[in-house]
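I have placed the structure first, in the form of structure tokens, so that the comments after it can refer back to it.
Note that the numbering runs from 1 along the sequence shown for the chain. Computed from a prediction, not measured in an experiment: that's the story for all the values here.
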Amino acid sequence: MAEESNPETGKIRVKITCPLFPVVEMEVDSVEIPAWEGTRTIVPNQAPLFCMLREGRVVIYQEEHLPIVYLISRGICEVRRDICSILAWGGRADRISREQIENQLTEAELMSKKVMSGTARREVFSRIDFFKSVLRELDENGKKK
């Protein structure tokens, strides 16, 4: 999933990929991931790691910049040397609109009613869970303002 990189940069390359397309790839100082066991912070020269992710927030930290937040579904993460690869449905929190998510949720719920293989069903239900969690996140952020 990840290729080796130069450990001398003092940065970690974060790659978030949805099953259908890449979401982001950038060099950062650290990244927080929603591991199944709890939130983990990944830093440069991290020991190798492979873990399951729960739905939640991936928070990317870069010097002198505000953190960037991505909302993701359940997925997997592999860390090798200075690369953190994440495979999950997701998107940047500040670029997700309620209307987009509601439309995607409706489409996924319609797909879930069709007869399909076990793998396809699990993927559709993962998307449904993700869209519902994003709506909860949008509601919570709306209440904080």
Between Trp89 and Glu123, a side-chain donor and acceptor under 3.5 Å: yes

Approximate separation, where rounding is to 0.5 Å, of Ile33 CD1 and Ile42 CD1: 4.0 Å

If only atom types and distance count, is the side chain of Thr106 paired as donor or acceptor with the main-chain N or O of Glu102 below 3.5 Å? yes

Test of understanding: clusters of I, L, V, M, F, W, Y form through side-chain heavy atoms closer than 4.5 Å, transitively. Do Ile16 and Val43 belong to the same one? no

Can you find a pair of side-chain heavy atoms, one from Val59 and one from Val31, that are under 4.5 Å apart? no

Mind checking side chain to side chain contact (heavy atoms under 4.5 Å, CB included) for Arg54 and listing every partner two or more places apart, or none if nothing turns up? Pro34, Trp36, Thr39

Applying side-chain contact (heavy atoms from CB on, under 4.5 Å) to Val14 and Glu25, what does each step give before you reach the verdict? CA-CA 6 Å; Val14 175; Glu25 182 173 343; over 6 Å; no

Could you check if a side-chain atom of Met52 sits within less than 4.5 angstrom of a side-chain atom of Ile76, using non-hydrogen atoms only? yes

Work out which heavy atom in Val23 is nearest to a heavy atom in Tyr70; give both atom names and the distance. CG1-CE2, 3.8 Å

So, Glu109 and Ser112: side-chain donor and acceptor under 3.5 Å apart, yes or no? no

Given salt bridge (Lys or Arg N to Asp or Glu O under 4.0 Å), test Lys132 with Glu55 step by step and report yes or no. CA-CA 10 Å; Lys132 287 180 179 179; Glu55 55 194 43; over 6 Å; no

For atom CG of Leu110, is the number of surrounding heavy atoms from other residues, nucleotides or ligands below 6.0 Å larger than 12? yes

Supply the atom-to-atom distance Gln100 CD to Leu105 CG, rounded to the nearest 0.5 angstrom. 13.5 Å

For the OG1 atom of Thr41 and the CD atom of Gln46, what is their distance to the nearest 0.5 Å? 9.0 Å

Could you walk me through whether Val69 and Arg92 pass the side-chain contact (heavy atoms from CB on, under 4.5 Å) test, one step at a time? CA-CA 6 Å; Val69 177; Arg92 191 164 160 171; over 6 Å; no

All heavy atoms of Ile96 vs all of Gly91, minimum pair found to be CD1-O, 3.7 Å

Testing Ile60, Val28, Asn45 one by one against Ile12 for a side-chain contact (heavy atoms from CB on, under 4.5 Å), which residue passes? Val28

When rounded to the nearest 0.5 angstrom, what distance separates CG in Leu71 from CZ in Phe131? 12.0 Å

Does some side-chain heavy atom of Phe130 sit less than 4.5 Å from a side-chain heavy atom of Val134? yes

Is there side-chain contact between Met26 and Lys15, with at least one heavy-atom pair below 4.5 Å? no

In Å, rounded to the nearest 0.5 Å, how long is the span from OH of Tyr61 to CD1 of Ile68? 11.5 Å

Applying salt bridge (Lys or Arg N to Asp or Glu O under 4.0 Å) as the test, list every pair that has at least one member in residues 29-47; sequence neighbours left out. Lys11-Asp29

Gap between atom OG of Ser97 and atom CG of Asn103 - 0.5 Å precision: 8.0 Å

Note: Cys18 and Gly90 closest approach over all heavy atoms is SG-N, 3.4 Å

Going through the checks in order, is the side-chain contact (heavy atoms from CB on, under 4.5 Å) test met by Leu53 and Ile72? CA-CA 9 Å; Leu53 300 173; Ile72 65 162; 3.8 Å; yes

Nearest heavy-atom approach of Lys114 to Arg121 is O-NH1, 3.7 Å

Please name the pair of heavy atoms, one in Cys51 and one in Ala35, separated by the smallest distance, quoted to 0.1 Å. SG-CB, 4.1 Å

Taking the side chain as everything from C-beta on, heavy atoms only, tell me whether Arg98 gets closer than 4.5 Å to Leu135. yes

Decide side-chain contact (heavy atoms from CB on, under 4.5 Å) for Cys77 and Cys84; before the verdict, give the C-alpha distance in whole Å, the side-chain angles of both, and the deciding distance to 0.1 Å. CA-CA 7 Å; Cys77 176; Cys84 175; 3.6 Å; yes

